[in-house]
Amino acid sequence: MPRPSMMKSAPSLVTFGLSIVLLVVAVVRWPENGWAASLWLAAFLAMWVIRVPASMRVSGNRIVEARRGTSELFVLAAMFVTMMVLPLLYLSFGAFRFADYTLPAWAAVLGAVLQVPFLWLFWRSHADLGRNWSPGLEVREGHELVVRGVYARIRHPMYAALWISVLAQPLLLQNWIAGALVVPAFAALWLLRVPQEEAMMRTRFGAEYEAYAARTGRIWPS
């Protein structure tokens with residue numbers, strides 16, 4: 001039986017709506033937040049410019065298999081909160097200022113430079129996946145094993161892109177709650193989801209996926 005998309009679930013819609021409101025306020029307050037935080041906000045906007053059209057492309061694809069256990073939903077929610085909601089609360093209303101810290105000037109510069117490979121790899125991953133992309137542990141009708149483009153050498157380039165973003169966030173948003181908390185949240189998502197995702201691919205594509213996995217790296221080119 002077809003499963004409803006994760007993108008249409010109530011938590012996802014509520015989180016998205018809240019993020020839009022906070023985003024508008026944060027954009028208005030950009031002069032008060034400084035160049036590093038404003039650059040993070042610009043990269044966040046660019047990420048959604050990439051993600052929203054990709055979501056629309058796959059919205060009509062029928063889901064034939066989905067794995068959504070409690071732990072999967074929990075870590076996904078934690079990632080949304082730490083990567084989107086908490087930073088936007090920080091930039092919109094000055095929340096969590098008590099948890100600020102100060103790094104050397106080069107740290108913010110490094111965080112800024114990292115936005116370039118992050119956004120390029122994030123865009124390229126969506127472009128290469130096309131209609132095979134999904135926000136959760138889902139298999140859609142007509143799902144193909146993509147081995148072209150950046151996927152020719154890396155099995156999880158989208159996760160690689162997000163790792164770059166996650167590690168740069170505490171450099172641009174120098175706050176333990178709005179900036180640094182995303183690192184353990186995303187690490188938990190990575191450790192839980194990637195083995196399950198690869199297990200789904202092995203079940204669906206068998207020896208073809210085994211051969212693909214043998215010649216590629218997870219997040220580093222092989």
Side-chain angles (χ1 to χ4, degrees), residues 6-56 59 73-123 125-126 135-136 158-190:
M6 230 176 147
M7 295 177 291
K8 298 177 182 178
S9 66
S12 295
L13 293 174
V14 170
T15 302
F16 182 74
L18 176 61
S19 297
I20 291 296
V21 173
L22 294 175
L23 182 60
V24 171
V25 179
V27 169
V28 172
R29 293 188 73 246
W30 74 266
E32 303 171 44
N33 290 319
W35 74 265
S38 298
L39 182 61
W40 177 90
L41 186 61
F44 179 84
L45 283 166
M47 180 181 73
W48 280 102
V49 168
I50 296 167
R51 175 57 61 89
V52 170
S55 301
M56 294 175 65
S59 61
L73 295 175
F74 178 80
V75 295
L76 189 60
M79 189 196 76
F80 282 153
V81 169
T82 57
M83 200 173 193
M84 301 178 196
V85 178
L86 295 180
L88 290 176
L89 284 172
Y90 179 71
L91 296 178
S92 299
F93 303 110
F96 320 122
R97 291 291 180 184
F98 64 89
D100 280 351
Y101 54 80
T102 302
L103 295 176
W106 61 261
V109 174
L110 176 60
V113 171
L114 288 173
Q115 300 311 301
V116 176
F118 155 55
L119 289 173
W120 181 84
L121 194 52
F122 193 72
W123 163 74
S125 301
H126 283 84
M158 199 173 299
Y159 287 113
L162 290 173
W163 265 121
I164 296 171
S165 175
V166 162
L167 294 175
Q169 186 168 310
L171 304 179
L172 297 174
L173 302 180
Q174 297 180 13
N175 181 276
W176 289 108
I177 297 173
L181 202 57
V182 71
V183 177
F186 187 69
L189 180 71
W190 164 262

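Between Pro87 and Met84, the shortest heavy-atom distance links the atoms CD-O, 3.4 Å. In terms of heavy-atom proximity, Phe118 sits nearest to Ala161 at CD1-O, 3.1 Å. Residues Gln115 and Ala43 share a closest heavy-atom pair of OE1-CB, 3.1 Å. Scanning all heavy atoms of the two residues, the minimum distance from Pro170 to Ala180 falls at CG-CA, 3.8 Å. Residues Ala178 and Leu173 share a closest heavy-atom pair of O-CD1, 3.9 Å. Considering every non-hydrogen atom in both Trp35 and Val109, the closest pair reads CH2-N, 4.0 Å.
Taking the centre of each ring, Phe44 and Trp40 come in below the 6.0 Å mark.
A heavy-atom distance below 4.5 Å is found between the side chains of Leu91 and Leu41. No side-chain heavy atom of Val166 sits less than 4.5 Å from a side-chain heavy atom of Gln169. Contact annotation: the side chain of Tyr90 never approaches that of Ile177 to less than 4.5 Å [non-hydrogen atoms, C-beta and beyond].
Of the inter-residue distances, the one linking Asn33 atom CG with Leu172 atom CG reads 12.0 Å to the nearest 0.5 angstrom. The distance from atom OG of Ser165 to atom CE of Met47, rounded to the nearest 0.5 Å, is 6.5 Å. One distance of note links CG of Leu114 with CG of Leu119; it measures 11.0 Å at 0.5 Å rounding. Between the CG atom in Asn175 and the CG atom in Leu89 there is a gap of 11.0 Å [rounded to 0.5 Å].
Every residue two or more places apart in sequence or in another chain that forms a side chain to side chain contact (heavy atoms under 4.5 Å, CB included) with Thr82 is listed here: Leu86, Leu181, Val182, Ala185. Annotation: ring-ring contact (aromatic ring centres under 6.0 Å, His included) contacts of Tyr101 (sequence neighbours excluded): Trp176. For the side-chain hydrogen bond (donor to acceptor under 3.5 Å, both in side chains) test, residues two or more places apart in sequence or in another chain that qualify with Arg29 are Glu32.
Looking only at distances, a side-chain donor or acceptor of Ser92 sits under 3.5 Å from a matching main-chain atom of Leu22.
Ring pair Phe186/Tyr159 is tilted by interplanar angle, where 30° to 60° counts as tilted.
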